[in-house]
Amino acid sequence: MASSSLAVVAILATLFSLQTYVRSDGSDHRFKVGDDVPLYANKVGPFHNPSETYRYFDLPFCSSAPVKEKKEALGEVLNGDRLVSAPYKLEFLSEKDSEIACKKHLSKEEVARFRNAVSKDYYFQMYYDDLPIWGFLGKVDKEGKTDPSEYKYYLFKHLQFDISYNKDRVVEISVRSDPNAIVDLTEDNEVDVDFMYSVRWKETDTAFEKRMEKYSQSSSLPHHLEIHWFSIINSCVTVLLLTGFLATILMRVLKNDFVKYAHDEETADDQEETGWKYIHGDVFRYPKFKSLIAAAVGSGTQLFTLSIFIFMLALVGVFYPYNRGALFTALVVIYALTSGIAGYTAASFYCQLEGTNWVRNLLLTGSLFCGPLFLTFCFLNTVAIAYNATAALPFGTIVVIFLIWTLVTSPLLVLGGIAGKNSKAEFQAPCRTTKYPREIPPLPWYRRTVPQMAMAGFLPFSAIYIELYYIFASVWGHRIYTIYSILFIVFLILLIVTAFITVALTYFQLAAEDHEWWWRSFLCGGSTGIFIYAYCLYYYHARSDMSGFMQTSFFFGYMACICYGFFLMLGTVGFRASLFFVRHIYRSIKCE
């Protein structure tokens, strides 16, 4: 099993890494003097709203030649990339000085559009030989002015490209705007603009294979690493102290329980039982909505497997910075291929719980995560279409995703379900279940579901919240995150703490003679997802400058789906840990 998993990871890593060395046009990044090296303009948008991006030529830029669109892979389209040929020509080793790319007569309406873009801190992104470059469209002069109506708005019209090369390959590129070559956009007046550019070439010793390292080094700077390691050490110390404290108490209490119950069996067999042994005839009574809990466990297991595969690919270096769309491609492909795991887990567990309608259970499993994700996507894609943003998926891409779901995900889900139904596995219960359930005694308010979920979610969340900021700043900002080894350690800590705290709360629930632990353990395990969503509210209002309906809806919509996925995955971890624990303690005592 382990060798097959490693083989799958190796194949996926090879496929995703191919574009590191071979571009889509078949070139291997080698050029001769005077060769036309492709420069693509990707998108423009407000700097503080990463989801709200538009096509480069949605703004009234000019072009000296017909605009050609670059064919995009699935992950690149999902990432909102829409590459087109840029108006600047950067031939290999050809230097230029203030050359005119094209001329444009801006009407009043076009001046107003550029001014609106500059006021919102619009940036542009381009790719030169697959290397990303950015720059701002213009600047706002606020110096000495308190009234916004007095601000001056300027458009940059001259770009300076500085390119480094090693022999016949491009290694590095940066772009600067000339602060003196500007066009005044403050008034609604027609204006003629000459878009110019300069190119400087410089030889470097940096190897071509290391040209992407400068983008990943920003997240590996010493002061950043110190914060990450402090986060891990802080989490580990907190986790060790709390889990050690709970483990000591739990082991001591369980040991005393075993001694007490063994003594009771020797001295007075007719003595009335108390505590968790008292409910041995009810603890394995199947839960309500067993089809739903089986579907939730199946979906959670699939998402857990997906997370492990994504981490494996990340640790072998597939998701290097600006490997456009690799993460989205990996998510779509691996989710489709692991749907059989969801079908098998859900169907086999459902049949263990003596469920009969396994087909309906499979339908529920297939739609439990995909259903809310699909509805969220429909709404957000409609918003993106209304804004004419690049986040709106083209019809062809939607058809491709639908075909993947129809031809890969659904058949594998059904095959897994059939295999799970035919596994004939029986539910391993150490104690016989009585015919009639015992009445649960009245419980104080803090032993009810919601307070227990709050207690269960706080400890795992406290172990990851420092790292969450860096992840959010990468996904919903312009920071680069590449320290996947640290992220994997944090992920393991999250799993361990979730399992342990859920087991502890399950024991206290059984000790209070409350035998309805099935759903409680799942909800307590998954409650960290609710805490992460609450952190979203804090991050949006206190740590980011996002604004506007589109960006707000994208942030809270897709984060709701991600947190729901965490809820299912961690709920499954908590439930599995509790089920193992409950079986263990009831197997250790004599149950009549």
When you measure from the centre of the six-membered ring of Y538, is the NZ or CZ of R543 under 6.0 Å away and within 45° of the axis? no
Heavy-atom donor-acceptor pair, R285 side chain to T434 backbone, under 3.5 Å: yes
Could you tell me whether a side-chain N or O of N422 sits under 3.5 Å from a main-chain N or O of I418, the two making a donor and an acceptor? yes
Would you check if the side chain of S339 reaches a backbone N or O of A336 as a donor-acceptor pair within less than 3.5 Å? yes
Between T345 and A342 (side chain of the first, backbone of the second, donor and acceptor by atom type, cut-off under 3.5 Å), is there such a pair? no
Tell me if the CZ atom of F374 is crowded by more than 12 foreign heavy atoms within 6.0 Å. no
R360 backbone acceptor or donor facing N357 side chain under 3.5 Å: yes
V582 vs F284, test: side-chain contact (heavy atoms from CB on, under 4.5 Å). Steps then yes/no. CA-CA 9 Å; V582 172; F284 293 107; 3.7 Å; yes
Would you compute the distance between atom SG of C524 and atom CG of L570 and round it to the nearest 0.5 angstrom? 12.5 Å
List the atom of H515, the atom of R438, and the distance in Å for their closest heavy-atom pair. NE2-O, 3.2 Å
Over all heavy atoms of both residues, which pair between P441 and A512 is shortest? Give the atoms and the distance, please. CG-O, 3.6 Å
Closest non-hydrogen atoms of L505 and M455, given as atom of the first, atom of the second and distance, are CD2-CE, 4.1 Å
What orientation do Y539 and Y469 show, parallel under 30°, tilted 30 to 60°, or perpendicular over 60°? tilted
Can you give each donor-acceptor pair under 3.5 Å made by side-chain atoms of residues 491-504, sequence neighbours left out, with the distance rounded to 0.1 Å?
residue, atom, partner, partner atom, Å
T498, OG1, L494, O, 2.7
T502, OG1, T498, O, 2.6

For D514, run the salt bridge (charged side-chain N to carboxylate O under 4.0 Å, His left out) check against R447, R520, R448 and tell me which one passes. R520
Heavy-atom closest contact (C563 atom, C536 atom, distance): SG-SG, 4.5 Å
State, to 0.1 Å, how close M453 and S527 come at their nearest heavy-atom pair, and which atoms those are. O-OG, 2.9 Å
In Å and rounded to the nearest 0.5 Å, what is the CG to CD1 distance from L523 to I530? 8.0 Å
Under a 3.5 Å distance rule, please check whether W517 uses its side chain to pair with a backbone N or O of V283 as donor and acceptor. yes
Between F472 and Y535, is the ring pair (Phe, Tyr, Trp, His ring centres under 6.0 Å) condition met? List the steps. CA-CA 10 Å; F472 273 58; Y535 180 82; 5.3 Å; yes
Any chance CZ of F289 has more than 12 other-residue heavy atoms, nucleotides or ligands included, within less than 6.0 Å? no
Considering residues, nucleotides and ligands other than F427, do more than 12 of their heavy atoms fall under 6.0 Å from its CZ? yes
Which pairs would a plain distance check flag for residues 398-413, meaning a side-chain donor or acceptor within less than 3.5 Å of a matching protein atom at least two apart in sequence or in another chain?
residue, atom, partner, partner atom, Å
T406, OG1, F402, O, 2.7
S410, OG, W405, O, 3.0

How many angstroms lie between CD1 in I341 and OG in S299, if you round to the nearest 0.5 Å? 12.0 Å
Those residues that, when tested against F566, pass ring-ring contact (aromatic ring centres under 6.0 Å, His included) (two or more places apart): none
Check the pair Y540, T552 against side chain to side chain donor-acceptor pair (under 3.5 Å), reporting the backbone distance first and the verdict last. CA-CA 8 Å; Y540 180 84; T552 303; 2.5 Å; yes
Interatomic spacing from OH in Y533 to CD1 in I562 - rounded to 0.5 Å: 10.5 Å
T53: partners by side chain to side chain contact (heavy atoms under 4.5 Å, CB included), with sequence neighbours left out: K43, Y123, T390
Quick check against the 3.5 Å criterion: does N361 have a side-chain atom that pairs as donor or acceptor with the backbone of S291? yes
To the nearest 0.5 angstrom, please state how far the CZ atom of R576 sits from the OG1 atom of T301. 5.5 Å
Verify the ring-centre separation between F311 and F488: is it less than 6.0 angstrom? yes
Any ring pair (Phe, Tyr, Trp, His ring centres under 6.0 Å) pairs touching residues 325-353, not counting sequence neighbours? F349-F575
Please list all pairs meeting salt bridge (charged side-chain N to carboxylate O under 4.0 Å, His left out) that have one or both residues in residues 456-467, counting only residues at least two apart or in different chains. none
Rounding to 0.5 Å, atoms CD (Q452) and CG (L443) come to a distance of 9.0 Å
On a heavy-atom basis, the closest approach of F461 and L468 is CE1-CD1, 3.6 Å
Given side-chain contact (heavy atoms from CB on, under 4.5 Å), test E426 with Q352 step by step and report yes or no. CA-CA 5 Å; E426 293 186 1; Q352 286 180 36; over 6 Å; no
